[in-house]
There are 2 protein chains.
Amino acid sequence: MKAPRQSDVARLAGVSQSAVSRVVSGDIDRIPEETQDRIRAAVKELGYVPNAAARNLRNKSNRLLGVHTFESVFPHAREDFYFEFLLGIEERAEEIGYDLVLFTSTGTSDGRRRIYRDGTNRLNLADGTVLLGAATDREELARLWHDGYLFVHIGRREVAGADIPCIIPDYVSAADRIVTSLADRGHRHLAYLRSGIEQEAYADRRTGYRNAIERLGLQDRSPGYRGEPGLTEEWLGELASGPETAVVAENIGLAEDLRTGLAARGLSIPADVSVAVLEGSGDEPGHRWDCLVIPRKEIGRIAIDALVTRVENPDEEPVSQLVACDLVAGETVAAPGKKE
Amino acid sequence: MKAPRQSDVARLAGVSQSAVSRVVSGDIDRIPEETQDRIRAAVKELGYVPNAAARNLRNKSNRLLGVHTFESVFPHAREDFYFEFLLGIEERAEEIGYDLVLFTSTGTSDGRRRIYRDGTNRLNLADGTVLLGAATDREELARLWHDGYLFVHIGRREVAGADIPCIIPDYVSAADRIVTSLADRGHRHLAYLRSGIEQEAYADRRTGYRNAIERLGLQDRSPGYRGEPGLTEEWLGELASGPETAVVAENIGLAEDLRTGLAARGLSIPADVSVAVLEGSGDEPGHRWDCLVIPRKEIGRIAIDALVTRVENPDEEPVSQLVACDLVAGETVAAPGKKE
DNA sequence: GGCGAGTGCTCATACGTATGAACGTGCAGC
DNA sequence: GCTGCACGTTCATACGTATGAGCACTCGCC
């Protein structure tokens, strides 16, 4: 009942184990057709299948790529956040013949996931790993990098002293282009509605916004991208009474709040104020925001390719990649409204 | 730069490789605290992590569970079909400290996935595998079983000569209860709307339906569950002119078609005809069907538990499990209508 | 003092594969 | 007939781990 080995096949075919190994793994330069056939017949008869663990031990490659998130992979609240990335990851892995390991064994009781646990890094089971998720643990990332482990991260992550290879949605350019398109529509006075999130992706949004404002000589006064995060009454008041005709919001949640707040003041979108959002809106019901589109599936595919490149050329310097985000027109941007 | 091995740790700690092995794998009965500490310190200093392949080769166990579908795991059209199963699978795997391998390397150019490919069964990399999906390949399933590979299948699958261990949504009972509830509402003449799908899950629906009809002495005349599949004009005609006051449809698609067909004849649901569906309807927009609920997440969890039980007790007879489906009330069943 | 029972550790081996080196054989060329 | 060479095959080993068996030593007890 035990699985047959190469030596079993060899005995049946009347050859040595190494001959079998050569045939099953394709190193057949010096093995005549006839012997090959005999070996293949024996393989078939015994139902031999190679032992992956032994192969891996012998070689050093697994054709196994890891996927690690610091939260549950199949997510609950953040469903659309991960899902599309995974789509691309799976699709590309399948195309190039790699399997995927979902690291779920690293869960702790508090719902977070740790890579290192009692000193053990389970990730080393795979040839390399794609890391993703909002809740990245910087310390672990740094340690992983210092250990020389092969990985790429989806989304930009900066850690002092480490040069993390990332696949980065180009928020800088997207934010710039969104501001530019508002300017093209005639808006000269903008406001930026920021969240409380301090993360590279948000820093990039702010950079892109600021760049465009300065380059185009637009006005971003109060409330401004430098202000306090969140949507306060004070912020709304300034916006309502100020000259701003357009708002750029960091994410959909903020934009929704903004709509409510404006409505309470008798202002509507986009008649009075145009609003663009620096986040993909997906297919949520309700108004269609003017926003950017993160090509998540594409990014997943690129991440796999980048990882495999690293796996196959371990000595080359890792390199981060920018991925362009498209802009999508919605119903929330118009020419400057009556407010002006 | 190469990953440290137990022998490296051993040298540093001034002990033998086997002592290191004993400590890292917890066999410490006869190793004093002090030595353990020295070894652990060395482990930490070198950043030693066990080599999964070697462990697996030696042990035969990996703490790695496979997930194989015969279609793309992260699906496109069938999104909700797989997704909830995966949720449960991941959740449970995390709880019990196993990792998951998504077998994506087995894709063929035609979009299907094969387990066996040029004689190699990639699955044997994992300790065991959860198989799921509508497009199960019977032949591969049989071969897998005959090879003694450890797996469980989500959904009932029968293959001649093999006793496939399955986690089975109890469609028999659910269909029975749906008919019973229709009878309780006063319906005596029912019709069954069948799809063209010939699969165990549909056979079970039909069995449950027939059981209840017979047990309760109800009438299922034309068009009946034995009839031709699909919704034909003829079928509709018989229904419209016959005494039936309720229809049990095999799936949502059929039910939607039925609604359209009835409307064309001036009949509405549930005023004229009550309709219950033998499939979960999810959160689709539109009318809320009276239907059953497949506890997909729960089934995913159970599948993992069943698989792990098999992995840990390979000698025990594999056993299939039924999982009860709840019924959910919608807006499509009422007391027998004016038609009667 | 001799013996049994623990304690702390090491030795040696097996798991299944891949592969460079080596070996034997037959044949062509001088 | 000896050398060189291509061909077909096998030998031997390494990959990193786990573990039963075994060794050396100490302690307690009669």
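The figures here come from the full heavy-atom set of this structure, side chains too, leaving out hydrogens, waters and symmetry mates. In the text below, chain A, chain B and the rest are named by the order of the sequence lines, each starting its count at 1.
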Between [N] atom [atom2] and [X] atom [atom1], what is the distance in whole Å?
X       : N      : atom1 : atom2 : value
A/Ile28 : D/dT9  : CD1   : P     : 13 Å
A/Glu34 : D/dC7  : CD    : P     : 17 Å
B/Asp29 : C/dC9  : CG    : P     : 14 Å
B/Arg30 : C/dT10 : CZ    : C1'   : 11 Å
A/Arg11 : D/dT10 : CZ    : C1'   : 16 Å

message: I'd like to know if the side chain of B/Glu200 and the backbone of B/Glu158 have a donor-acceptor N/O pair within less than 3.5 Å.
response: yes

message: When you measure from the side chain of B/Arg138 to the backbone of B/Val159, do you find a donor-acceptor pair of N or O atoms at a distance under 3.5 Å?
response: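 No, B/Arg138 side chain to B/Val159 backbone: no donor-acceptor pair under 3.5 Å.
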
Closest non-hydrogen atom pair, A/Val323 against A/Pro295: CG1-CG, 3.8 Å

message: Let's see if you can work this out: which of C/dC11, D/dT10, D/dG8 has an atom nearest to the side-chain heavy atoms of A/Arg22?
response: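 Looking only at side-chain atoms, A/Arg22 lies closest to D/dT10.
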
message: Can you tell me which residue among B/Val67, B/Leu307, B/Leu144, B/Val152 is in a side-chain contact (heavy atoms from CB on, under 4.5 Å) with B/Leu131?
response: B/Leu144

statement: Residue pairs passing the side-chain hydrogen bond (donor to acceptor under 3.5 Å, both in side chains) test with at least one member in residues 29-38 of chain B, sequence neighbours excluded, are B/Gln36-B/Arg40

- prompt: Within the modelled atom types, does a donor on one side and an acceptor on the other bring the side chain of B/Ser18 and the base of C/dC11 under 3.5 Å apart?
  reply: yes

message: Using the side-chain hydrogen bond (donor to acceptor under 3.5 Å, both in side chains) criterion, which residues pair with A/Asp305? Sequence neighbours excluded.
response: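 Per chain and number, A/Asp305 pairs via side-chain hydrogen bond (donor to acceptor under 3.5 Å, both in side chains) with A/Arg92.
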
Could I get a table of every N or O pair under 3.5 Å where one atom is in the protein and the other is in nucleotides 15-17 of chain C?
unit_1, atom_1, unit_2, atom_2, d
C/dG16, OP1, B/Lys60, NZ, 3.4
C/dG16, OP2, A/Arg5, NH1, 3.0
C/dT17, OP1, A/Tyr48, OH, 2.4
C/dT17, OP1, A/Asn51, N, 3.3
C/dT17, OP2, A/Gln6, N, 2.8

